Amino acid sequence: MTPQAAYDELIKKCKEISVLGSAASILHWDQETYMPKNGVGHRSEQIGLIARMCHEQFVDPKIGELISAAEDSDLTKDPESEAAANLREIRHAYDKETKLPKDLVEALAKTTAQATPAWAEARKKSDFSEFLPWFEKVLDLTLQKAEAFGYEGEPYNALLDIYEPGATVEQVETAFDGLRKELVPLVQAIADARKRPDESIVTRSFDVDKQKIFGESVAAAMGYDFNAGRLDITTHPFCTGIGPGDTRILTRYNPNRLNDALFGTMHEAGHALYEMGLEKEKHFGTPMGESVSLGIHESQSRMWENQVGRSKDFWVYFLPQAQRIFRESLGDVSLDDFYGAINTVKPSYIRVEADEATYNLHIMLRFELERAMTKKEIKPKDMAGEWNKRFKEYLGIEVDKDANGVLQDVHWSSGLIGYFPTYALGNLYAAQFFAQAKKDLPGLQEDFQHGNFSRLLDWLRKNIHHHGQRYRANVLCEKVTGEPLSHKPLMDYMKAKYGEIYGI
Ligand code: ZN
């Protein structure tokens, strides 16, 4: 078989597996939106069966033979070519999936399936000791997983690589260290500031039907194509790229808080624009038609949510529209007051409710704890105490109970250790990309004042979306911005923004 024939066969198989996998995506979407409650048992069987079929087809030794027959050939001579990128990433995924012993996969699935409800119960009672035995088991199996994958340096590298391929602990640590040094004092200065925005403006009454109309008009202005997607309601919002021409977003509404659905919708629409910008017609089911990493995906959602949606320029255009829709609640509000209200910074316990500035501190705390735990420098039993100690150092508040501390996130019970850093990496990449977009596109923010986002979207498509997985995240960052990932663009952006809002 020629390398080209092997490659063609491999791509055909990968596309078939992805088509099958996308059927599970639609089942999952249905489960989170319209499925009747009692359908859950059968639904998990359906999704489980498809996942197993996809896995079995992908780890078939035949796939390994096709990769081997294609990878050391003229096809990969140019490492940036489509074929080279596809082969590099298919090899990466294949090695990962085939390295895990079957027993370990099953033990992990079984343990996390029990650990998750145990965590939910422990959180309800706010009792970490009840979750501890499960936490120890999950950690032990996760470390076995890291050993099976293999790593350089420390086990955390193997775990990080699952979610952010190619990223290393050293890279993350460098970026986070720089960020911490400047962010902790900034959050402190904000806490001490005399000038304070009035957050109550966004906690007035906002009719849910009207919020939906407004949210849809914002998503459409961003470039979200409702002929290739839809917006529905769910409890835990997400975006799902089902296939070419079908990328759906979900949100939830709070009648007494404008921010939740509005910025939540912008966030998910930002993820969706990335999915819509991938060249799926041509590359669906192959790495060239897929997003780079969770960090890069998050950079797209955060940029639309924060750099665009929480900017004053954006509200020059959208506040008058919001005032027409929510006349009673926003009719009397000035642009500056509204801008301050949507950008209030207030240290709080819960990560998912955190503002733009303190959010990254929540992530850095988890990264440090996870890393120390995988190096066995912290034992699971000491986690609650360690958490509370560092939380006080970073956010300046005393954790009152485990439910508001170490037990707040589902990740550890579901075996997602190594995942958290991608959230903060997303914020760092977002700021660095946006700073570059402003350089490349003079007058970009004036566009926002006219409700025009097409130059930004075109720039993102050309520089990021169209490449699929041609480049790993760190390489992409250097290609687009000329610099490796740094905390500086994010800190420059936050210092300027909060300096104005808080007069510091
Ligand atoms: Zn996101």
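Indexing begins at 1, ligand by ligand and atom by atom, following the structure's order. Quick caveat, the model's predicted, so the values are computed rather than measured.
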At a threshold of 2.8 Å, where the distance has to be below it, does the Zn ion (ligand 1) have an N, O or S atom of [X] nearby?
X      : result
Glu268 : no
Cys239 : no
His297 : no

request  = Decide whether a cation-pi geometry holds between Lys15 and Phe284; the criteria are a distance under 6.0 Å from NZ or CZ to the six-membered ring centre and an angle within 45° of the ring axis.
outcome  =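 Not satisfied by the 6.0 Å and 45° rule.
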ask   = Cation over ring, Arg302 on Tyr359, under 6.0 Å and within 45°?
value =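 Ring-cation test returns yes.
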message = Which residue is it: Phe420, Tyr423, Tyr419? I am looking for the one with a ring-ring contact (aromatic ring centres under 6.0 Å, His included) to Tyr163.
response =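 When Phe420, Tyr423, Tyr419 are each tested with Tyr163, the ring-ring contact (aromatic ring centres under 6.0 Å, His included) holds only for Tyr419.
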message = Among Trp119, Phe135, Phe131, Phe128, exactly one meets ring-ring contact (aromatic ring centres under 6.0 Å, His included) together with Trp412. Which residue is that?
response =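 Filter result, single survivor: Phe135.
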ask   = NE2 (His271) to the Zn ion (ligand 1) to OE1 (Glu298): angle, nearest 10 degrees?
value = 90°
